[in-house]
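Take a look at the structure below.
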Amino acid sequence: MAVATSTALPPEYPGIGAFVKRWVTTTDHKEIGVLYIVTSFSFFVLAGVMALLMRTNLAYPGASIVDNGTYNRLFSTHGTAMIFLFIIPVLVGFSNYFVPLLIGAKDMAYPRINALGYWMIPPAGTLILIGNAPVGWTGYVPLAIQEGASVNFWLAGLLILGTSSIIGSVNFLVTIFKLRAPGVTFRNLSLFVWSVLTTQLMVLMATPVLAAALTMVLADRLLHTCFFSTFAACTSSGQALGDAVLYQHLFWFYSHPAVYIMILPSMGMISEVIPVMSRKPIFGYKAIAYSTVAIGLLGFTVWVHHMFTTGIDIWVRIPFMFATVTIAVPSGVKVFNWLATIWGGKILLNTPMLFAIGFLSMFVIGGISGVFQASIPVDYLLQDTYFVVAHLHYVLFGGSVLGLFAGTYFWYPRITGRMYSEAWGKLHFALTLIGLNMVFFTMHFLGLMGMPRRYADYSVLLPFQPLLLPLNQLATVGAFILAFGQLPFFYNMIKSRWVGRVVTEDPWADRSPTPWRSPLEEEPTIPEVPTVEASPGGGNGGR
Amino acid sequence: MADEHAATHGEHGAAGHHGSIWPFVLALAGGIGFAGVITWFPLALVGAAVLAAGLAGWLLEDARGVRFGEVTYPTEPGIFKSVSIRKLGMWLFIVSEIFFFSAIIGNSLALRTRAPFWPEPGVDSPLNIPLTALNTFILITSSFTMVQALKGIEKGNLRLFRGALLATLLLGIMFVSIQVYEYNKLFFEEHLTPWLNPVEPRLATFGTTFYMQTGFHGAHVSGGVFGLAYLNYKAWKKDWFTPHNHEGVELIGLYWHFVDIVWIFLFPIVYLI
């Protein structure tokens, strides 16, 4: 079956012109997927460097390595870039590459629109970076109306990214609904595709609301309309006409679902990796699929938990508290099903599996600290402290990004036709896990001690809480370990692309119920029809 | 009825991937145009020009019969088996639009609840309700003629098809023109501005929400007019649309009806209550 003579992918190109032409005009879902992945990882590096600058500044309070204004710009662009230019698009890239393969389609439903969705990322990223707006990744008003022209760039960039997301979501949904090969049904659909389906449904419904909100902020800034503005230009007989909290409602109506938009595809990747590396069919296929959808639906009912301290009526807040706590249930269902899949399996502790286990443990920490904060009185104490920063980094780095790394290593042979280096991969895993726990676990303590987030300088707090200094320095050391821990990853990915062992068949074929063959002549992977009753069984082995 | 457009146009098979430069051009145009809007306006015009070129290139590719992602292989029927690929795409796009308009309308209603002053229709409202009622009637009629156009092509009645399609286009243009006239009157004579103005300061919130809601609706109607113009052009080409091959008419029709329905919500919310 396998073609023994195949060489590395992609083939050599005749020249730089042809190379550029190929990548600029491509409408192939795999090539667009690669473009997304490569572009997003470069934003990851950029935003990571910004984080290092911030951490350096925090290690020396009072010394002002970067001035306060620059610090504001750094954390704002760090957040915006990590979320909108790294995690979301990189997962779209993997979805682009693998959804058609996993459902047996030849391409996405609208290949040209797919390319359009990708090409909106570079201009949008450029605008965001040029702007480098100091308004946080949330762009809260009235600050976002008050600040200078840089906010316009931020808004323009995000509006372009939103458009890209919306057309992309239509494309994914139509592809998954209409282009499945005969036999690929919602009873045996790959769990990764299930997660992409849910994610893109959320993108379809949530992103337009963000687009509307940002458009209104832009109008408030450029035309001096009075949606959210509370300034003199919008004050009539002593009363402000705009409503700043209204912006938060619209923003979080998008941005809370966006949290799940960022983690569900990673969960999908984990659901692909764990069964293969445990050499067992996924435990509770249906439970994982349905809990994905449940998270997607519940994700729309919790946004006010970001706004507990804005003075909203308590009878509005309480239902949102309950809904927030409820989300822990489907998340827990997933975690236990993954654990049950590993349990008693013939475990192969290679890089993808290590990252998958890393995901499981880190996600549990991040998830539980989320449940703490769901409680309104606890949220009063923790709002805008480093505890929130710790929580969101545990779910976004410990969750989304570790899951993403698991998927990246797992699918690397299939994308490049070459094998990555296990040794470098394991080094990457070790440094990442140590670094991320050092920097982010420490932040829990900082938060509980009352250190506010987004402060460039906390030296005024030191007389009251001297422990802040060593803990911040510990976090900074962790941040550097984490950052330098990514070097083996990039080295591995780039070097193995040229000198890695050539693979023409699934390296884990003996463990996978649906192994792939040569990446050169990709054939659709039709999942096996699951035997629903036999548990642990029922899944398609994740592939 | 819902046949794909593929068979009659272009001889391209499914084999191999087509490349296209137009996605790149369109995205670039978006970036340049947006950068222009927020910095130096002439740049926005450059963006608009590149956008027009990109759209033209994109549509010409279609007209040349280049097919992207043509599905010539068997697929699992699934829950949307009676809905074609392109129509499902249009439906989903409309879902996203529903959320967009819901956000705008919901936001406006929320602002209204806290506004210190809101004009009463027929008492101190600057809006011209009879004129807008006429405009509403025009838009609803255009939905009717759109249905007739679809009926025409389904039955092979080209006269009805072309006539009704032209009527839809003209009614659409009429709607936009009346709205422009209305805006002109409101802005310059009634001092209804999207911002706080010294002449009619009480109308600030009302003006803000009025222009946002009707403006985005008007922009969508204008987009629909553009699509209708394209359809009208194609309708006169021999055999482009046939009784078995006219999905484009249905798709733009769906969008047109959607825009109409949005107006049916907006008219009472903005003008009557």
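Here is how names work: the chains are called A, B, and so on, in the same order as the sequence lines, proteins then strands, and each is numbered from 1. Any value given below was found using the heavy atoms of this structure, including those in side chains, with hydrogens, waters and symmetry copies removed. For clarity, every value in this text was computed on a predicted model and none was experimentally measured.
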With rounding to the nearest 0.5 angstrom, report the [atom1] to [atom2] distance, [X] to [Y].
X: A:K178; Y: B:I85; atom1: NZ; atom2: CD1; result: 6.0 Å
X: A:M108; Y: B:F68; atom1: CE; atom2: CZ; result: 15.0 Å
X: B:F100; Y: A:T207; atom1: CZ; atom2: OG1; result: 12.0 Å
X: A:C226; Y: B:L111; atom1: SG; atom2: CG; result: 9.5 Å
X: B:T209; Y: A:L241; atom1: OG1; atom2: CG; result: 11.0 Å

Q) For chain A, which residues from residues 20-36 of chain B lie under 4.5 Å away (heavy-atom distances)? A) B:S20, B:I21, B:P23, B:F24, B:L26, B:A27, B:G30, B:G31, B:F34, B:A35

Q.
So if I take each residue of residues 47-56 of chain B and look for any heavy atom under 4.5 Å from a heavy atom in chain A, which residues do I end up with?
A. none

Evaluate the side-chain proximity of [Y] to [X]: yes if any heavy-atom separation is below 4.5 Å, no if none is.
X: A:V209; Y: B:S102; value: no
X: A:R112; Y: B:D62; value: yes
X: A:T225; Y: B:M212; value: no

Q.
Looking at chain A, which one of B:F80, B:W195, B:W58 has the largest number of heavy-atom pairs inside 4.5 Å, strictly under?
A. B:W58

Q) Tell me, side chain or backbone of B:Y211 under 4.5 Å from chain A's heavy atoms, or both, or neither? A) neither

Q.
What part of B:T39 gets within 4.5 angstrom of chain A, counting heavy atoms only: side chain, backbone, both, or neither?
A. side chain

Q: Return yes if some donor-acceptor pair links the side-chain N/O of B:E76 with the main-chain N/O of A:G183 below 3.5 Å, else return no.
A: yes

Q) Relative to chain B, which segment of A:L218 carries a heavy atom at a distance below 4.5 Å: side chain, backbone, both, or neither? A) side chain

Q.
Between A:Y110 and chain B, with a heavy-atom cut-off of 4.5 Å, which part of the residue counts as in contact: side chain, backbone, both or neither?
A. side chain

Q. Which one, A:L210, A:I166, A:L159, leads in non-hydrogen pairs under 4.5 Å with chain B?
A. A:L159

Q | Partners passing ring-ring contact (aromatic ring centres under 6.0 Å, His included) against B:Y73 (at least two apart in sequence or in another chain) | A | none

Q.
Counting only non-hydrogen atoms closer than 4.5 Å, can you tell me which residues of residues 122-131 of chain A sit against chain B?
A. A:P123, A:L127

Q: Indicate the atoms forming the closest heavy-atom contact of A:L204 with B:L92, along with that distance.
A: CD1-O, 3.5 Å

